[in-house]
Amino acid sequence: MERAQQVLEMKGITKQYFGNTVLNDVSIDLYPGEIHALVGENGAGKSTLMNILFGMPVIHSTGGFSGEILIDGKKVELLSPAEAMQMGIGMVHQEFMLLPGFTITENIKLNRETTRKNALSRLFKSEFLDYLDTPAMRKDARHALDRLDMSIDEWLPVAGLPVGYMQFVEIAREIDKKEVKILVFDEPTAVLTETEADRLLGSLRRLAADGISILFITHRLDEVMAVADRITVLRDGEAVARLNKDEAVVERIAELMVGRRIEKVDLPPRDKEPGDEDLAFTIDNLMVDMPGEMVRGLSLSVRRGEILGIGGLAGHGKLGIANGIMGLYPASGRVSKNGDLIPLNSPEQVLLEGLAFVSEDRRGVGLLLDEPIERNIGVTAMQVQHKFLRPWPRFLSGLRLEDRKELRAYSEEMIRKLDIRCLGPTQPVRSLSGGNQQKVCVAKALALDPEILFVSEPTRGIDVGAKRLVLDLLVRLNREHNVTILMTSSELGELRKICDRVAIVYRGRLAGILPPDASDAEFGLMMAGRVRKEAI
């Protein structure tokens, strides 16, 4: 039997951001009532492709894209989310877009409220004087919630609802739109419990049976296998595979997601290779309340003098480990260095224990953007260790004054050693390139003379050349200064390039530890939560 006309075709989609190609000739199509899964690592281009489909402003404000979009066989231009919605496209984003002070019904019907005439509106012939038809709105909201098997009262306020319920309200709002025929789900189960996720997958099947076509973005391959009719795998901005459900197996999908040529490098030798007999750092049952990156009972041992990579898919807790240990988010559990317990929830005490942190948010957390390089390098060491300070005169005993000469000398030394490309130590950090800003963050951490260095997403947002310099710098710190490094990154290839071992985090816990030369399939499966290996 001949297959129906595609409800959606995206052909030859190519997108660049400031000269960097993030999508390269990607094509994808969708049939009526089909669930089409889109999978790939972080940064593979999934969200960018969906932003193009939904006409998001960030696409058109950065030069647009090449390729074409067809709805029901007709070429369309989607220049805004409003135009996408008019064409019957709905999108459930990763970030909630609900108004907490409104009820569930009001959120579902927002900007599409049902009204009814009254004497005044008829007299003045003005729609602005119509009454809200609350019973009709509640009836529509109830119907949408029932389609999702949600028995919650539709008149409850959104404020105070569990996160999982908020996700279902988001979905109910989209399916309440009478014209919707394509629904995009961007990681809809990331914030759900397993029971809630199972309920959502059941809802997707029912929606598809009703004729709604679904694009389903997820990192969880078990969910893909449970509901998808077809699967497209993106890697590094390209569609590397298109699989039908009957030919797809988890092992193959995982390998396609992470498979890439790993550049082999000859790392400098050590006087002594790290081993389990000499542990520098241990984590036992760590819990961290970091929104979107919750850690749920993680245990891990770190060998002295190693570079330990921490990887995993977005939202599974890898970023929460360093942020929790360093006191940026509430944490509990036992963390020890050289066998001695380290106090949690106290950033200053942790820094005094010989730990330092290069945050993934260098502009928001790591740097004082309008301050000079030298002030950025020395500020934490001044506050915590009173370095680069000298006493005031005796009658002002107890107070300290910045020792600008010492700070200037140290900053110039760091600029030289780390090859920070700048006009000098007084240049404002804001004016530096991303790679050089990252080097300033590293210099700031090194001013503390740490024994253990946490580095989160060290190459995020910097160009290829700067990435190499930052990775080389971490290797030098490890080899020449014997700094034990825990490197958290979404770039699995970079972890495999310089790390001695790679720990994979899944749903807030340690899934296992792999050697960097383990197969792509092993890494992919562990990141998808399908296997668990003992630490090596």
Side-chain angles (χ1 to χ4, degrees), residues 1-13 15 23-41 44-56 65 67-74 76 78 84-85 87-94 171 174-175 177 180-190 197 200-235 237-250 252-254 256-257 313 528:
M1 189 174 76
E2 186 176 348
R3 195 163 191 179
Q5 167 74 48
Q6 295 104 318
V7 67
L8 169 69
E9 295 175 86
M10 301 181 76
K11 296 182 176 181
I13 304 296
K15 170 63 182 171
L23 288 173
N24 182 25
D25 194 27
V26 174
S27 297
I28 188 171
D29 59 9
L30 186 63
Y31 287 91
E34 177 186 32
I35 301 177
H36 192 143
L38 193 61
V39 300
E41 277 192 286
K46 306 183 299 297
S47 293
T48 299
L49 187 64
M50 294 302 99
N51 284 339
I52 289 172
L53 174 62
F54 205 58
M56 297 296 284
F65 66 97
E68 59 182 14
I69 300 174
L70 290 82
I71 303 290
D72 294 329
K74 298 178 181 178
V76 296
L78 303 174
M85 287 187 280
M87 297 301 301
I89 302 170
M91 188 166 183
V92 180
H93 298 269
Q94 292 187 46
I171 299 168
E174 297 304 318
I175 65 175
K177 299 172 182 175
V180 70
K181 54 188 173 186
I182 300 169
L183 272 180
V184 178
F185 289 86
D186 192 356
E187 296 289 349
T189 62
L200 175 64
L201 297 181
S203 299
L204 294 189
R205 295 188 193 96
R206 289 194 295 274
L207 294 174
D210 289 341
I212 293 177
S213 304
I214 295 172
L215 281 170
F216 181 37
I217 300 175
T218 183
H219 285 120
R220 299 178 179 177
L221 299 188
D222 54 341
E223 296 175 353
V224 171
M225 298 302 295
V227 300
D229 299 300
R230 286 189 298 155
I231 301 136
T232 294
V233 183
L234 291 186
R235 187 175 73 227
E238 297 183 351
V240 296
R242 297 175 183 84
L243 307 170
N244 293 319
K245 183 175 183 178
D246 57 2
E247 62 182 343
V249 292
V250 169
R252 178 60 178 153
I253 299 172
L256 287 165
M257 282 174 60
L313 297 173

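These values consider heavy atoms only, across backbone and side chains, with no hydrogens, waters or symmetry-generated copies.
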When you look at Thr48 and Phe65, which way does the side chain to side chain contact (heavy atoms under 4.5 Å, CB included) test go after all the steps? CA-CA 10 Å; Thr48 299; Phe65 66 97; over 6 Å; no
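- Atoms CG and NZ, on Asn24 and Lys15 in that order, are 14.0 Å from each other to the nearest 0.5 Å.
- With respect to Asp29 and Arg230, a salt bridge is recorded, a charged nitrogen being found less than 4.0 Å from a carboxylate O.
- Nearest heavy atom pair, residue Leu53 against residue Ile89, reads CD1-CD1, 3.7 Å.
- For the pair Lys177 and Glu174, the salt-bridge criterion is met [side-chain N within less than 4.0 Å of a carboxylate O].
- Leu8 and Ile182 make their closest contact through CB-CD1, 3.9 Å (heavy atoms, listed as atom of the first residue, atom of the second, distance).
- Looking at Met50 and Ser47, their side chains never come closer than 4.5 Å, going by heavy atoms from C-beta outward.
- The minimum heavy-atom distance linking Gly45 with Leu23 is given by the pair O-CD2, 3.5 Å.
- Separating the CD1 atom in Ile231 from the CG atom in Leu243 is a distance of 5.5 Å, to the nearest 0.5 Å.
- Atoms CZ and CG, on Phe185 and Leu207 in that order, are 6.0 Å from each other to the nearest 0.5 Å.
- With contacts defined as side-chain heavy-atom distances shorter than 4.5 Å, the pair Asn51/Met91 qualifies.
- At distances below 3.5 Å, at least one donor-acceptor pair connects side-chain atoms of Ser213 with backbone N or O atoms of Tyr31.
- Side-chain contact between Thr218 and Glu187 is present, with heavy atoms from C-beta onward closer than 4.5 Å.
- The CD1 atom of Ile171 sits 7.0 Å away from the CG atom of Leu204 when rounded to the nearest 0.5 Å.
- Side-chain N or O atoms of Asp229 include one that pairs as donor or acceptor with a backbone N or O of Ile35 at under 3.5 Å.
- Here the closest heavy-atom approach between residue Ala241 and residue Leu256 is recorded as CB-CD1, 3.5 Å.
- Applying the side-chain hydrogen bond (donor to acceptor under 3.5 Å, both in side chains) criterion to Glu9, with sequence neighbours excluded, gives no partner residue.
- Residues Leu234 and Ala44 approach most closely at O-CB, 3.5 Å, considering heavy atoms.
- Atoms CG and CD1, from Leu30 and Ile71 in turn, are 9.0 Å apart once rounded to the nearest 0.5 Å.
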Side chain to side chain contact (heavy atoms under 4.5 Å, CB included), that's the test. Do Val7 and Glu34 meet it? Break it down for me. CA-CA 10 Å; Val7 67; Glu34 177 186 32; over 6 Å; no
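- Side chains of Leu215 and Leu38 form no contact here, defined as non-hydrogen atoms less than 4.5 Å apart.
- Here the CG atom belonging to Asp186 is positioned 10.5 Å from the CZ atom belonging to Phe216, to the nearest 0.5 angstrom.
- In this structure, Val26 and Met10 have side chains that are not in contact, with every pair of non-hydrogen atoms separated by 4.5 Å or more.
- When the side-chain hydrogen bond (donor to acceptor under 3.5 Å, both in side chains) test is applied to Asp210, the partners found at least two apart in sequence or on another chain are Arg147.
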List the steps, then state whether side chain to side chain contact (heavy atoms under 4.5 Å, CB included) holds for Ile28 with Ile13. CA-CA 9 Å; Ile28 188 171; Ile13 304 296; over 6 Å; no
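- Between Met87 and Val76 the shortest side-chain heavy-atom distance falls below 4.5 Å.
- Across every non-hydrogen atom of Ser27 and Lys11, the tightest pair is OG-CA, 3.5 Å.
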